[in-house]
Structures are given as structure tokens and as C-alpha cells.
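Report on the following structure.
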There are 2 protein chains.
Amino acid sequence: MEPTPASALVDDTAAAIRARIMSGEIPIGAQLRQAELAKTLGVSRTPIREALRQLQTGGLIEVVPHRGAVVRVPAPWDVRETYEVRAELEGMACERAVSRITGDGLAELRRANDAVRPGAILSDGSSTAANDEFHTLIHGFAGNERLAKVIKEINEAFPRNVSALVLQDNARHREDNFHEHERIIAALETGDAETARREMQAHVLSAGEQLARWYERRSATVFKG
Amino acid sequence: MEPTPASALVDDTAAAIRARIMSGEIPIGAQLRQAELAKTLGVSRTPIREALRQLQTGGLIEVVPHRGAVVRVPAPWDVRETYEVRAELEGMACERAVSRITGDGLAELRRANDAVRPGAILSDGSSTAANDEFHTLIHGFAGNERLAKVIKEINEAFPRNVSALVLQDNARHREDNFHEHERIIAALETGDAETARREMQAHVLSAGEQLARWYERRSATVFKG
DNA sequence: GGAATACCGATTGGATCCAAAAATCTCGAG
DNA sequence: CTCGAGATTTTTGGATCCAATCGGTATTCC
């Protein structure tokens, strides 16, 4: 990590906007008014505009010339496609992690997954954070920074991601999530690369399917009012 | 394709700058002066700045606050890591293509690869274009737009990519390239998904290794003068 | 009464202005 | 002659200005 790279205001601005979209404070499909964002974040429109370009490149928002930016409304088929790719990459990460992970690493994974356990006392957002940490840890153990980066970018391409879903969705999904993580840990411990990949792939695909369904339900609801 | 989405100037500007970097007109490590770019492209600094933010997000350039943007100089280890990811994704595309490709599709691939053949008469850049087309065709046959997009983004993350290398490098590599493509086509024709994936993966990894070596030689040369 | 059109408010987009920061140059001291 | 402090120049960054465009509304014509 850099010791603080003379932080660029526009990057911070982009991060702030992204956070507001990811948290749901700015809802899916919402218009992003430059003047409004500028006032809220206490800067002029210039850094806002540049930040929006960054988010546009990331795919989180769509910008129509002379009409402004809106938070992208992903189509369910896009979610499914994307999670097929994500499953492949996370599977790859998991396979690589098998030969690189240490005993301490396995302990870290178990600790992270404990916070995902349905019974765990979780303040707002902690389940999301815990779920993220579990996956992020594995990306780290894979020992390929680019791989971690690509997965991260993919995850930030949708206004609502799996982590946010795990938190708000029902206990059933949370329990499934927990047990799938356990199976992944088991495979990593055994050292079975093939199984580790397969388990992670299935895990991500199932999560993606939940997310796609969520978007389907959402668009149906929005239609009715 | 859209009938021309009211083309945004900043997107065109970003594309123009990217093209100049990819072609080598703007060399690796070069400073990108906003005023100079503005004059060259005939616009003011405002769209330039937004375009640079887009390229920054893509990873093609690096922006240091108050010091400006430079064309990124990839480290060889980064190239290797990236091509491991690319190999995985292209392998996935190839595997998926097996069950989706048609006879016409195979014909297209053969035609594209004919232009890669060492003996082929190639005007400047045509080998690059042909190599790109071969891969792009397969991405299309994979039937997953997100997958194609991610691979495209990865490919545009380096100022010098494999396609550019294939063209300028020696005949030996070009011939290897051609024969590896042939083996991939054969696997696709046979319908052997496993082999198709493996061949493509090996092909991309070998290309990535060439690219990494190229960057190694380059940095060594630059040091000496 | 309905549809086409012209106007108006709101918002984005490009250009310009000025301040802040960094690199370079100059001058002086050791 | 070298090193360092200060001034100068260059370049980026944020704010602001004005034109271009879009959506909506009202008006007019058929």
C-alpha cells in the first residue's frame, strides 16, 4: 500500500458517489444531478464530472449526452452472464489458493466465516463486511493481484451486489452461504484444488442466481408501482 | 449496434488518445500534457481531462496529483499475472464456443487465421488486425457479452499488447501463433471442450510470456540509454 | 378537439479564469 | 565547484461562465 498517494479529490469524490450508490442511498435508476452532488459533497461540478466519467467506465452508471447520468439498471441476463465470469475467476482464485494458503490463512478464513454464521450477532452491515472479507481473503491467498483487481471491478459493476444481498435477504440464503463457505474451507484444507475450484464456482453461481432473481423481482415490482 | 448514440465528444477523445498510445505514437512512459493534447485534438482541456480519467480507470495511464498523467510502464510480473487471468478467460470462452460454434463460424475462423499465416501478404497492421479478429470471433461464439467485454478491457490495459507484438516480432513467433490457432480450430471442430480450453490457455500464456519478455528487454534497453 | 410547433426552464457540455502545487532555474554561500 | 535556498515558470486542479441541448408546457393551426 502507498502511504497516502497525495489523495486526489476526484478519486475520493468517485468513491463517495460509489458508496452512496452501493449502500442504496442513491437508488437504482436514479438520476445523478451534477449540481446536487456538488452541493452535497461540498465541491464544484468539475470534480463531479470527472468522477462520473470514472464510474461510467466502471459500468456502475450510464451517461447519456446532454441528458445526464443514471444509476445503471442491470438486466437479469447481464447479471447471470457476469456471474458466470465471476464464478470462473473466483474458482481460479480458489484453485490457486490451495497450494499457497497457510494454516494461519485457514484460521483467518474460519474466523471470517464465523461472522457470516446465521446465529452471529451482527450490527448493520457486518454480515456484508464479513462475506466480503471471506472472499477477499481468498483472492489474497491466490497470489495474483490482477486477478483480485478484476474480480473487484466486476463486483463493483452492479449497484446491488451479492454482499448487499446476503445481508438483507432471508435467513435461508444466509445459511446456505455459510455452509457453502464451510465446504470451500474444507476443500482448501484437504488441498484438493479441483474440488476447491468446483465448490467456489458453484457457490458464486448460486449467489449470482439469487442476485439475478432479486433484480427480476425488483423490475416486476417497479412496474406495478 | 446503436445508430450513433449522439456520440459524446469525451468518449471520442478518450478513444483517440488510446489509439495514439496503442499505436506507439505516444510512447510508453511518456508524459501526457493536457494543453498539448487539447491543441492536437482541437478541443479544450475540459474533455481532455475527463478522457484521461476514463483511461486512468482502464489502467492504461497513471495520474499523479499535480504532476500529470503518464503512459503506464507495466512491470513484467504484472504482464504475467494479467495473462494468467486472460488465459483463464479465453480458455473459458473457447470451451463455451465448442458447443455453440457453427460450421460457418469455423469457416470464419479459418479465414481469419489465413491472414495470420506467415506467408500472407500483409500491409502494415493487417497481421495485428487478423490476430485480433481470430480471438474476437471466438469471444463472440462464446455467447457471453460480459466475458468478451472483460477480456477486451484486460487487453486494453497495456500500452503494448500481444497483437501489436505479433506484427512486429520475428517470423518465428508469428508461425507459432499461426499453428497454435490451427490447433485451437481443430479442437473446436472436434468438439472437445477440454482440449479447446487447454489449447487456448496455453496459447494465451505463451503469448503473454512473449509480451512479458518484450517488456523486460525494453526496460533493460531504456536503462542503458 | 387533436396534433404539430414554438417557447421556456432546467441541465449538461465546452471553454476560460485563477489559485495551488511541482519542477526548474538562478544565485549565493561554503 | 558543489550544494542548497529561494524565485520563476510550467502545469495541473477547482470554480465559474456561457452556449447547446433536452424535456415539458402552452399555444396555434387544421
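Being a predicted model, the structure only gives us computed values, none of them experimental. Atoms considered below: every heavy atom in the structure, side chains included; atoms not considered: hydrogens, waters and symmetry mates. Below, chains carry the letters A, B, ... as their sequence lines are ordered, and counting in each starts from 1.
At whole-Å resolution of the value, NE2 in B:His66 and P in D:dG13 are 6 Å apart. Across the protein-nucleic acid pair, B:Asp11 atom CG and C:dG14 atom P stand 10 Å apart, rounded to whole Å. Look at CG on A:Leu37: it is 16 Å from P on D:dG14, rounded to the nearest Å. Rounded to whole Å, the distance from CG on A:Leu41 to C1' on D:dA15 is 16 Å. Between B:Glu36 atom CD and D:dT11 atom C1' the separation is 12 Å, expressed in whole Å. Rounded to an integer number of Å, the gap from CG of A:Leu9 to P of C:dA20 is 14 Å.
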All N/O pairs under 3.5 Å across the protein-nucleotides 23-25 of chain D interface:
| from | atom 1 | to | atom 2 | distance (Å) |
| --- | --- | --- | --- | --- |
| D:dG23 | OP1 | A:Arg67 | NE | 3.1 |
| D:dG23 | OP1 | A:Arg67 | NH1 | 3.4 |

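Distance alone, capped at 3.5 Å, is enough to place a donor-acceptor pair between the B:Thr128 side chain and the B:Ser163 backbone. A donor-acceptor pair is defined here as one N or O able to donate and one able to accept, closer than 3.5 Å; such a pair exists between the side chain of B:Arg100 and the backbone of B:Arg96. With hydrogens and angles ignored, the 3.5 Å screen pairs a side-chain donor or acceptor of B:Tyr215 with a backbone N or O of B:Arg160. Between the A:Gln34 side chain and the A:Arg45 main chain, no donor and acceptor come within less than 3.5 Å of each other. Side-chain N or O atoms of A:Arg146 include none that pairs as donor or acceptor with a backbone N or O of B:Ile154 at under 3.5 Å.
With rounding to the nearest 0.5 angstrom, the NE2 atom of B:His203 is 10.0 Å from the CG atom of B:Asp176.
Side-chain contact between B:Arg72 and B:Leu60: absent, with no pair of heavy atoms (C-beta onward) separated by less than 4.5 Å. Using a 4.5 Å heavy-atom cutoff, the side chains of A:Arg213 and A:Glu209 are in contact.
Between D:dT11 and B:Gln31, no contact under 4.0 Å exists linking OP1 or OP2 to a side-chain N or O.
Sorted by residue number, the members of residues 42-57 of chain B with any non-hydrogen atom under 4.0 Å from DNA chain D read B:Arg45, B:Arg49.
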